Amino acid sequence: MEEWTREEWETTSMSEEMTAYYLYAPMCGTCQVASKMLSVVKEMMVDVKIGQANLNFVESLAADYQIESVPCLLITEQGKVREKIYAFHSVPYLYEKLKRK
C-alpha cells in the first residue's frame with residue numbers, strides 16, 4: 001500500500017467513488033497484523049484505492065475525525081467518511097466492508 005499524506009487522501013477520496021485510509025502506528029503489534037490482512041484484501045480488490053499513513057504524521061486528522069485508536073480504517077464514499085473500523089477481525093470481514101454496494 002502507498003503511504004498517503006492527509007492531502008493525498010482527501011484529494012483521492014473526492015475523485016473516487018470509494019477509498020480506504022489505513023491509519024497505524026509503527027510499534028503497534030496489532031497494526032502489523034492488520035497491515036498484512038489489508039494487503040491481502042488490496043490484492044483481491046485492485047479497483048479500490050487504499051492508502052495508509054503513520055498516525056504520528058497526520059495528527060490533525062486524528063483530532064478532526066476523532067480517531068480513538070490504531071489500527072483504524074476510514075472508509076469513504078464520495079469524499080465522506082462512511083465508516084471507521086478499529087477491529088479488523090479477518091480478511092473476509094474486511095473484504096465485505098470494502099465491497100461496493
Side-chain angles (χ1 to χ4, degrees):
M1 274 179 292
E2 285 183 46
E3 288 284 326
W4 286 351
T5 63
R6 179 180 182 159
E7 293 76 24
E8 289 170 320
W9 170 63
E10 289 174 343
T11 301
T12 303
S13 70
M14 294 301 279
S15 65
E16 296 289 327
E17 185 177 326
M18 175 189 277
T19 63
Y21 197 30
Y22 169 60
L23 304 169
Y24 68 93
M27 299 303 290
C28 167
T30 305
C31 295
Q32 292 172 13
V33 173
S35 292
K36 290 178 183 179
M37 289 194 299
L38 207 50
S39 293
V40 172
V41 172
K42 176 70 178 143
E43 291 297 316
M44 297 182 332
M45 304 183 86
V46 294
D47 59 328
V48 176
K49 301 285 185 197
I50 302 174
Q52 66 181 13
N54 179 337
L55 195 58
N56 295 314
F57 296 119
V58 289
E59 290 177 22
S60 64
L61 183 131
D64 293 346
Y65 288 91
Q66 300 174 341
I67 305 302
E68 297 169 17
S69 66
V70 289
C72 179
L73 185 66
L74 297 175
I75 300 174
T76 62
E77 285 184 354
Q78 278 118 20
K80 301 215 184 303
V81 175
R82 177 187 83 191
E83 190 169 0
K84 282 190 267 188
I85 298 173
Y86 295 105
F88 284 39
H89 300 292
S90 66
V91 169
Y93 174 82
L94 292 172
Y95 181 84
E96 287 299 317
K97 289 290 187 178
L98 291 170
K99 252 181 21 179
R100 293 183 188 211
K101 306 284 182 218

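Heavy-atom basis, side chains included; hydrogens, waters and symmetry copies ignored. Because the structure is a prediction, the values reported are computed rather than measured.
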Heavy-atom pair of closest approach, residues K42 and K49: NZ-CA, 4.5 Å

Interatomic spacing from CZ in R82 to NZ in K80 - rounded to 0.5 Å: 14.5 Å

Same apolar cluster: Y95 and Y86, side chain cutoff 4.5 Å: no

Hydrophobic cluster membership, V91 vs L38, 4.5 Å side-chain cutoff: yes

Cluster overlap L94 with M18, hydrophobic side-chain contacts below 4.5 Å: yes

Check: S13 side chain, E10 main-chain N or O, donor-acceptor pair, under 3.5 Å: yes

Minimum-distance pair of heavy atoms, taken over all atoms of T19 and E16: CG2-CB, 3.8 Å

Gap between atom CE of M14 and atom OG1 of T12 - 0.5 Å precision: 11.5 Å

Contacts under 3.5 angstrom, residues 22-32 side chains, donor-acceptor by atom type, not counting sequence neighbours:
from	atom 1	to	atom 2	distance (Å)
Y22	OH	C31	O	2.7
Y22	OH	S35	OG	3.0
Y24	OH	E3	OE1	3.4
Y24	OH	E3	OE2	2.7
Q32	NE2	P26	O	3.4

Other residues, nucleotides, ligands: >12 heavy atoms within 6.0 Å of M44 CE: yes

Side chain to side chain, F88 and P71, heavy atoms closer than 4.5 Å: yes

Cluster link V70 to Y21, ILVMFWY, side chain under 4.5 Å: yes

Heavy-atom side-chain proximity of E77 to E17 below 4.5 angstrom: no

Gap between atom OG1 of T76 and atom NZ of K84 - 0.5 Å precision: 13.5 Å

Spacing of S39 atom OG and M1 atom CE [to the nearest 0.5 Å]: 4.5 Å

Flag side-chain contact, heavy atom, 4.5 Å: D64 against R6: yes

Whether over 12 other heavy atoms sit under 6.0 Å from K36 NZ: no

Contact check, side chains of I85 and Y93, non-hydrogen atoms, under 4.5 Å: yes

Single-linkage hydrophobic cluster L73~V40, side-chain heavy atoms < 4.5 angstrom: yes

